[in-house]
Amino acid sequence: MPDDYEPATLEHPARNVPKPVMPAEASEETEAGAQAFLNYRADAQWYSIQTGDTSLIREVTSTDCVECTKQYNHFDTIYSKGHWGAGGHEIEKIADDSFAKRADGGYNLPVAIKSSGLIVVKNRRITERQEPFNLSERFDTYVYYESGTWRYLTASPRGSM
């Protein structure tokens, strides 16, 4: 984090939040490229919760992810009303030996997900809370690679897709 970054408090939203940059490796259709993409996506999601700027996370997420769109719209609304979020960083780690392209061209990747949790602050009060979690065998993340870039489609219960 930069020296001038200030996390959100009950009095103010985060300040001087570093804007994530897509790593070059995330442009490769490899396991390392997919992991670099998921790391960037996590940073873009965190950035959207810290700042209310959902443009970066929307750029890497398929519009077919209805739940994603609802979440991004929710944070757009929160910030438009002078409220803010805090926390919200997630780490997705692709399970070993699971990187394989499906017949439909996408990748349904078993992932371990660790979340810092998040809060929403309205009028200096916490009005929403998602508790931290660490789930190693519960979710698959579906991504696809198209025109030199990865796109996130959804997370689903392990084995459901």
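One-based numbering along the sequence shown.
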Using a 3.5 Å cut-off and no angle test, enumerate the donor-acceptor pairs between side-chain atoms of residues 48-62 and protein atoms at least two apart in sequence or in another chain.
from	atom 1	to	atom 2	distance (Å)
Ser48	OG	Gln45	O	2.6
Gln50	OE1	Tyr5	OH	3.4
Gln50	NE2	Gly87	O	2.8
Thr51	OG1	Tyr47	O	2.7
Thr51	OG1	Asp53	N	3.0
Asp53	OD1	Ser55	N	3.0
Asp53	OD1	Ser55	OG	2.6
Thr54	OG1	Arg58	NE	2.9
Thr54	OG1	Asp76	OD1	2.9
Arg58	NH1	Asn73	OD1	3.4
Arg58	NH2	Asn73	OD1	2.7
Arg58	NH2	Asp76	OD2	2.7
Thr61	OG1	Ile57	O	2.8
Thr61	OG1	Tyr72	OH	3.2
Ser62	OG	Asp64	N	3.0

Lys81 meets the salt bridge (charged side-chain N to carboxylate O under 4.0 Å, His left out) criterion, sequence neighbours left out, with none
Would you say the side-chain atoms of Gln35 pair up with the backbone N or O of Ile94, donor to acceptor, closer than 3.5 Å?
yes
May I have all residue pairs that pass side chain to side chain donor-acceptor pair (under 3.5 Å) and include part of residues 129-138, sequence neighbours excluded?
none
Please enumerate all residues that pass side chain to side chain contact (heavy atoms under 4.5 Å, CB included) together with Val121, with sequence neighbours excluded.
Leu10, Trp84, Ile119
Can you sort out the partners of Lys101 under salt bridge (charged side-chain N to carboxylate O under 4.0 Å, His left out), two or more places apart, ordered by chain and number?
Glu29
Derivation and outcome, side-chain contact (heavy atoms from CB on, under 4.5 Å), residues Val120 and Phe75
CA-CA 9 Å; Val120 171; Phe75 276 94; 4.2 Å; yes
Just checking Lys93: does its NZ atom have more than 12 heavy atoms from other residues, nucleotides or ligands closer to it than 6.0 angstrom?
yes
Any side-chain donor near an acceptor of the partner, His83 and Glu128, under 3.5 Å
no
Among Leu153, Thr154, Asn108, Leu38, find the one that has a side chain to side chain contact (heavy atoms under 4.5 Å, CB included) with Val143.
Leu38
Would you indicate whether the side-chain heavy atoms of Val17 and Trp46 approach each other to under 4.5 Å?
yes
So, using salt bridge (charged side-chain N to carboxylate O under 4.0 Å, His left out) as the criterion, who are the partners of Asp104 when residues are at least two apart?
Arg102
